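Encoded as structure tokens, the structure appears first; notes follow it.
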Amino acid sequence: MDASRKALFQQAAAQVGHSFEGEMRIGGNYVPAVRNGDEVYVSGQIPRIDNTVMVVGRVGAETSLEQARHGAQICTLRALAILEQMLGDLQRIKRILRINVYVQSAADFTQQSEVADGASAVLYSIFADAGVHTRTSVGVYQLPKNASVEVDMIVALHPGSGND
């Protein structure tokens, strides 16, 4: 791979039109990520930039499929920014193991998997084959802050890549 994962991350962020510089803040009594051995579990991320949730409402009603895909991209980039802050470098990630994508869905909306494709595309663009993962996409009634989508993930680290 010619480009570093950091450069690919910055390119993906530019494509969605946002910067993910600075601390990724959370709003609650939990941590954004927990490391257990050579795995890291990232808490669910909504499509928030600074203090603004960028994509809100029920997908298939107030929000389009394309807007929701964009939201899934933002969520995924937020999760990766948290991992970069925690690990210091995305090169320490061996593989993306799993993502869960929750979609605030209208009653007749059935394209949750197509929304999740936005998240999967970001991961593949940065990690190539190491970004191919297992995935669950689910339609839900409501998400925090009226977000249209939320993404969490589990990643594997290269063995011995730092302290727990």
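Because only heavy atoms are used, hydrogens play no part in the values below, and waters and symmetry mates are left out as well, while side chains stay in. In this text the structure is predicted, and so the values were computed from the model without any measurement.
- Using modelled atom types and a 3.5 Å distance limit, the side chains of Q67 and S148 yield no donor-acceptor pair.
- No donor-acceptor pair closer than 3.5 Å links the side chain of S125 to the backbone N or O of L123.
- Under the side chain to side chain contact (heavy atoms under 4.5 Å, CB included) test applied with V115, the options T63, V151, L65 reduce to a single match, L65.
- Here the closest non-hydrogen pair linking A116 and S137 is CB-CB, 3.9 Å.
- Cluster membership check: L8 shares its hydrophobic cluster with M153, using side-chain heavy-atom separations under 4.5 Å among Ile, Leu, Val, Met, Phe, Trp and Tyr.
- Both V122 and L90 are assigned to one and the same hydrophobic cluster, defined by single-linkage of ILVMFWY side chains at heavy-atom distances under 4.5 Å.
- For the pair R95 (side chain) and V132 (backbone), a donor-acceptor distance under 3.5 Å is present.
- A donor-acceptor pair is defined here as one N or O able to donate and one able to accept, closer than 3.5 Å; no such pair exists between the side chain of Q11 and the backbone of A7.
- Between the side chains of R69 and S64, no donor-acceptor pair is found at a separation under 3.5 Å.
- Each of V155, L157, D89 was checked for a side chain to side chain contact (heavy atoms under 4.5 Å, CB included) with L83, and the lone residue meeting it is V155.
- For E150, the side-chain contact (heavy atoms from CB on, under 4.5 Å) criterion is met by I46, Y102, L143, P144, not counting sequence neighbours.
- Residues I74 and V56 do not share a hydrophobic cluster, clusters being chains of Ile/Leu/Val/Met/Phe/Trp/Tyr side chains in contact below 4.5 Å.
- Between the side chain of Q45 and the backbone N or O of V42, no donor-acceptor pair lies under 3.5 Å.
- Side chains of Q104 and N146: a donor on one and an acceptor on the other come within 3.5 Å.
- Of all heavy-atom pairs between A33 and I82, the closest is CB-CG2, 3.9 Å.
- Y41 does not carry R98 over the face of its six-membered ring by the limits of under 6.0 Å from the centre and within 45° of the normal.
- Placement of M86 and I99 within a single hydrophobic cluster is found when ILVMFWY residues are connected by side-chain heavy-atom separations under 4.5 Å, directly or transitively.
- Using a distance-only test at 3.5 Å, with no hydrogens or angles considered, a donor-acceptor pair links the side chain of R58 to the main chain of Y141.
- A donor-acceptor contact shorter than 3.5 Å is absent between the side chain of T76 and the backbone of G118.
- Side chains of S120 and R135: a donor on one and an acceptor on the other come within 3.5 Å.
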